[in-house]
Number of protein chains: 2
Amino acid sequence: MSSHDLNATAASLLGFLLEGPKTGWDLAEAVEQSVGYFWNVTRSQVYRELKTLAAAGLVSEKRAGVRDKVPFAITAAGRAAFTAWMAGPHAPDILRLPVVLTVFFGAHVAPEVLRNQLAEATQAHRARLEAYEALQPEVSEPYQRAALDLGVAYEKTLITWLEGLPWSAAPAPRRRKRSAPR
Amino acid sequence: MSSHDLNATAASLLGFLLEGPKTGWDLAEAVEQSVGYFWNVTRSQVYRELKTLAAAGLVSEKRAGVRDKVPFAITAAGRAAFTAWMAGPHAPDILRLPVVLTVFFGAHVAPEVLRNQLAEATQAHRARLEAYEALQPEVSEPYQRAALDLGVAYEKTLITWLEGLPWSAAPAPRRRKRSAPR
DNA sequence: CATATCATGTAAGAGGTTACATGATTAC
DNA sequence: GTAATCATGTAACCTCTTACATGATATG
């Protein structure tokens, strides 16, 4: 068991294979559409990990697919490795939030630069929030639903923070001396 | 300017050098102790990026330090590159939260495994929250303070979520027949 | 003078991204 | 039959982590 320690990416793929055999393509889709907001995995990684997992005997290739589909199924050893990973100690959380950096260094840039970044970030996170909220009623499995709920809470926190920042709003227009504006 | 596009890590180091010359060691400390919770940079990276930045003329080595200290100062070109990075489009947020994965796949593990993971995560995030809150009164610079505030808000969101999960608590002890509890 | 900590760095490997190549199937 | 998209994969490169090596200075 300890002979092949899983990396977290591989472990997550095994997790998806518990539902049944999947192709690399399907796995990439499944990851992106479910845990994508807190667990980033690219297609390239998927294919590479599948190869490694197959070599370690944790998944088995089922030559059965139509087209060029190559479905993989999790093996008994794969299940064991997944279980071990779930119980084991985890790597620390990783966050990389460029917007927050932009704010942190905000004193060193022109106000409109910061304002633009904040506006873009707000928009992006609003879009995500909407996507997650639209998903919520569809996800009934309680564990997956809980994960999604964190996504929603996270986005709300970020949006609230972004919109509460005093640098988000455009400054009140400078009033010219006794002029009829326009 | 566009001849050397900064990666985000390098950009953040330049940001810290705006305050004044720093050694690699100092930079690593500064990053970890200020933006560490949303911007992870290892010492190895720091030294490597400094070398790269020096080669590109964005920082200059000041052979002046006591001991073996090698302080670097940002150059005019470095300032320009930093400003460009701040204004430019940013890479998407990256989140890697193993705990959330554990919850997502919670159906596939024993309840106490999940409970343990949740308990550990809660403890870790409580500790972080306390650290940030202790820091808050010390940080008066408004932009840095805003960034720290997000850290606090983020930790609170996570903790609230963790503690609200029904799998966090130990199951109610099985009630023995007609017993006087305690 | 021994130990802790400061400070620099390298080496090797794992993990992650981007761009490209290739062909099958489906929809128009 | 042409275009979109499904599906697989490779190559090159960059980024990140871990472990190690080295020596100076400060603390007891």
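Naming convention: chains lettered A, B, ... in sequence-line order (proteins, then strands); numbering from 1 in each chain.
Near DNA chain D, defined here as any heavy-atom distance below 4.0 Å, there are no residues from residues 88-96 of chain B. The stretch residues 21-38 of chain A touches DNA chain D through Thr23(A), Gly24(A), Trp25(A), each having a heavy atom within less than 4.0 Å of the strand.
Side-chain contact check for Gln45(B) and Thr42(B): at least one donor-acceptor pair (N or O, by modelled atom type) lies under 3.5 Å. In this model, a donor atom of one side chain and an acceptor atom of the other lie less than 3.5 Å apart for Arg96(A) and Thr9(B). A donor-acceptor contact under 3.5 angstrom links the side chains of Asp149(B) and Gln136(B), judged on distance only.
As a whole-Å value, the separation of Phe72(B) CZ from dA7(C) P is 14 Å. Rounded to an integer number of Å, the gap from Asn7(A) CG to dC16(D) P is 17 Å. Look at CG on Asn40(A): it is 15 Å from C1' on dC16(D), rounded to the nearest Å. Arg43(B) has its CZ atom 12 Å from the C1' atom of dT5(C), to the nearest Å. Between the OH atom of Tyr47(B) and the C1' atom of dT10(C) there is a distance of 12 Å, given to the nearest Å. Rounded to an integer number of Å, the gap from Gln45(A) CD to dC14(D) P is 18 Å. Per the geometry, CG belonging to Asp5(B) stands 18 Å off P belonging to dC13(D), to the nearest Å. For Glu49(B) and dC16(D), the CD to P distance is 8 Å, given to the nearest whole Å.
Aromatic ring centroids of Trp167(B) and Tyr143(A) lie under 6.0 Å apart. Two rings, from Tyr154(B) and Tyr37(B), have their centers 6.0 Å or more apart.
The shortest side-chain heavy-atom distance between Trp161(A) and Thr157(A) does not fall under the 4.5 Å cut-off.
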Between Phe16(A) and Phe104(B), does the ring pair (Phe, Tyr, Trp, His ring centres under 6.0 Å) criterion hold? Intermediate values first, please. CA-CA 10 Å; Phe16(A) 281 98; Phe104(B) 186 82; 5.7 Å; yes
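A donor and an acceptor atom sit less than 3.5 Å apart, one in the side chain of Arg48(A) and one in the base of dG16(C).
Although no hydrogens or angles enter the test, the distance criterion places a donor-acceptor pair under 3.5 Å between the side chain of Glu141(B) and the main chain of Gln144(B). Within the 3.5 Å criterion, the main-chain N or O of His125(A) finds no donor-acceptor partner in the side chain of Glu130(A).
Residue order along DNA chain C, read from the 5' end via each residue's closest nucleotide, puts Leu50(B) first among Thr42(A) and Leu50(B).
Between Thr9(B) and dC16(D) there is a side-chain N or O to OP1 or OP2 distance below 4.0 Å. Put simply, Lys51(B) has no side-chain N or O that comes within less than 4.0 Å of OP1 or OP2 on dT8(C).
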